[in-house]
Amino acid sequence: MTKQLQAPPKVLMQRNYTRLIWLGMAALLFWATFGTELSIPKFIAGVGESYKLLFGTAERPDSGFFPPDFTRGLTFVDQMLLTVKMAIWGTVLAAIAALPISILAAANTAPNKVVYQIARRILDVLRGLNEFVLALIFVAAVGLGPFPGILALAVHTTGVLAKLYAEAIEVVDTGQIEAVQASGANPIQVFTHAIFPQIVPTVVSMSLYRFESNVRAASVLGLVGAGGIGLFVTETMRSFNFREASAVLIVILVAVFLVDFISAQIRAKLT
Amino acid sequence: MIQLENVNHTYANGTQALRGISLEIGAEAFTVLIGPSGAGKSTLMRILNGLVRPTTGKVTIDKLEISRAKNVQVLAARRKIGMVFQQFNLVKRLTALENVLIGRLAFMPTWRSTIRMYTLEDRQLAFAALERVGMADYAWQRADTLSGGQQQRVGIARALAQQPKLILADEPISALDPKASEQVMGLLRQIQSEDGIAVIANLHHLDAVREYAERVVALQRGSVVFDGHPNALTEAVTRALYYDEQKATQPTPDLSTTPLLVNA
């Protein structure tokens with residue numbers, strides 16, 4: 001009996017533990033309200049203003065976003081295609097760069113722990129720098145246009161993809177590696193014939209997934225002069241040409257939907 | 001052609017896998033290694049192909065001292081040693097033929113293997129190996145779509161494609177049903193007797209040992225306790241081999257290993 005009485009506290013301790021987590025989260029939310037000017041009245045008033053912004057006022061019905069103005073529609077589509085091209089090259093360059101780096105950043109294939117740590121930290125930095133920030137840097141370095149945009153996407157995506165590839169390498173079946181090693185194959189051949197075939201599904205699906213998000217990211221890079229449709233987002237908004245802005249946004253949305261759909265279809269087929 | 005002189009191996013965690021092993025094995029007899037789990041059979045196999053380096057002792061294969069050879073020499077020596085695994089270890093997403101071509105990797109320049117541009121001779125050799133094991137019809141099928149017995153036969157073809165002098169078979173039939181086991185053991189014996197390739201197999205099934213082995217080497221706690229013709233492998237010997245070390249610690253034998261002795 002006494003033993004049974006001693007056992008239960010463990011369960012009670014766990015309950016206190018989860019309660020502590022809830023308390024901690026509440027405290028975090030409370031802390032996050034200071035300085036962020038959260039305000040329900042302001043939000044309600046804003047909704048009314050947004051209605052006017054979207055559909056125009058009674059005096060000036062064409063000042064809103066609707067109906068969209070597609071007079072420059074072909075230009076927008078053309079710029080959207082340029083944006084997709086930027087995403088294609090940004091992703092492909094990243095995938096090519098990520099593969100060798102991922103070998104160094106995977107615990108089971110890195111030559112030693114120092115190289116592994118250095119590779120991992122470099123990837124942390126690449127992922128830590130947002131595409132937008134990188135685009136600002138590359139615009140300053142190589143000038144305006146889509147090229148700095150491609151570089152920005154490529155650098156950030158390399159950090160993301162190399163980490164995902166490395167994680168796929170870390171969980172490969174070692175039996176297959178041992179068999180290829182036993183045949184006398186050298187380390188490069190072990191990678192190409194035992195490790196790479198195993199990570200192909202991850203490489204393909206993650207690269208396509210990153211391509212989708214790169215299309216979304218690329219469509220705002222024009223804001224900092226790094227080419228593509230983003231330029232027209234700022235141009236139309238700053239000149240209060242809201243009906244054209246809504247046409248631009250529709251082009252972006254349709255393109256993103258299409259890319260997501262096609263890419264998801266390919267991913268489903270390949271994996 | 002294979003000589004082991006006083007080979008000892010202790011793993012990094014302190015497990016003493018092999019103690020003073022001295023053996024000489026050639027192509028003239030189908031050699032089978034037996035012994036309870038943890039006796040050091042797999043370690044011995046991996047020392048023979050250089051996947052594991054012995055702590056002390058000398059291992060010579062075809063005049064090359066593999067226990068002390070440089071890495072490049074070990075890679076070159078492995079080309080002459082085919083290996084067959086318990087879990088087949090085929091590269092699952094490659095076709096049967098591509099898996100057999102892995103046996104040719106060490107014979108081709110790296111750039112060629114990287115872009116998967118195999119020579120016609122290599123492809124013919126690989127296909128012939130598949131024909132030899134009766135798997136030519138499945139050459140273009142992905143390895144993970146094959147049954148266990150089929151996968152193991154592709155594994156044997158991969159070893160054959162190396163045109164080896166020695167084939168190491170690490171529990172080749174442990175994961176197979178009786179019919180597939182028969183096929184696999186039959187193939188290995190045929191390869192040994194017809195091609196003059198030395199075969200060393202780890203086996204757990206004593207029936208198969210008696211049927212296929214021409215020489216039995218028994219390991220117990222890392223030492224050789226029996227080396228001879230399977231006819232000399234009496235019930236007393238096998239009982240001592242599988243149960244004696246447990247007697248020391250527990251009075252009743254482990255029931256999971258009893259089926260081994262039903263027909264003994």
Count the heavy atoms of every other residue, nucleotide or ligand shown that sit under 6.0 Å from [atom1] of [X], and state whether that count exceeds 12.
{"X": "B:Lys80", "atom1": "NZ", "answer": "yes"}
{"X": "A:Phe132", "atom1": "CZ", "answer": "yes"}
{"X": "A:Phe147", "atom1": "CZ", "answer": "no"}
{"X": "B:Tyr11", "atom1": "OH", "answer": "yes"}
{"X": "A:Ile188", "atom1": "CD1", "answer": "no"}

Using every non-hydrogen atom in the two residues, find where [X] and [Y] come nearest and quote the distance to one decimal.
{"X": "B:Ala106", "Y": "A:Gly184", "value": "CB-O, 3.4 Å"}
{"X": "A:Pro197", "Y": "B:Val91", "value": "CB-CG1, 3.7 Å"}
{"X": "B:Leu105", "Y": "A:Gln189", "value": "O-NE2, 2.9 Å"}

Exam field: side chain [X] to backbone [Y], donor-acceptor pair closer than 3.5 Å:
{"X": "B:Arg78", "Y": "A:Gln181", "answer": "yes"}
{"X": "A:Gln176", "Y": "B:Asn89", "answer": "no"}
{"X": "B:Arg116", "Y": "A:Thr192", "answer": "yes"}

request  = Sort out for me which of B:Asn49, B:Thr110, B:Thr114 touches chain A most, counting heavy-atom pairs under 4.5 Å.
outcome  =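 Top option by heavy-atom pairs under 4.5 Å: B:Thr110.
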key: A:Asp173 and B:Lys92, any side-chain heavy atoms less than 4.5 Å apart   =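 Side-chain contact under 4.5 Å: yes.
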inquiry  = To the nearest 0.5 Å, what is the distance between CD on B:Glu98 and NE2 on A:His193?
reply    =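 Nearest 0.5 Å value for the CD-NE2 distance: 7.5 Å.
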inquiry  = Once rounded to the nearest 0.5 Å, what's the spacing between atom OG of A:Ser183 and atom CZ of B:Arg104?
reply    =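 It is 10.5 Å, given to the nearest 0.5 Å.
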message = Run the side-chain hydrogen bond (donor to acceptor under 3.5 Å, both in side chains) test against B:Gln150 and tell me which residues pass, sequence neighbours left out.
response =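 Applying side-chain hydrogen bond (donor to acceptor under 3.5 Å, both in side chains) to B:Gln150 gives B:Tyr138, B:Ser147.
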Is it the backbone or the side chain of [X] that comes under 4.5 Å from a heavy atom of chain A, or both, or neither?
{"X": "B:Leu51", "answer": "side chain"}
{"X": "B:Gln162", "answer": "side chain"}
{"X": "B:Leu90", "answer": "backbone"}

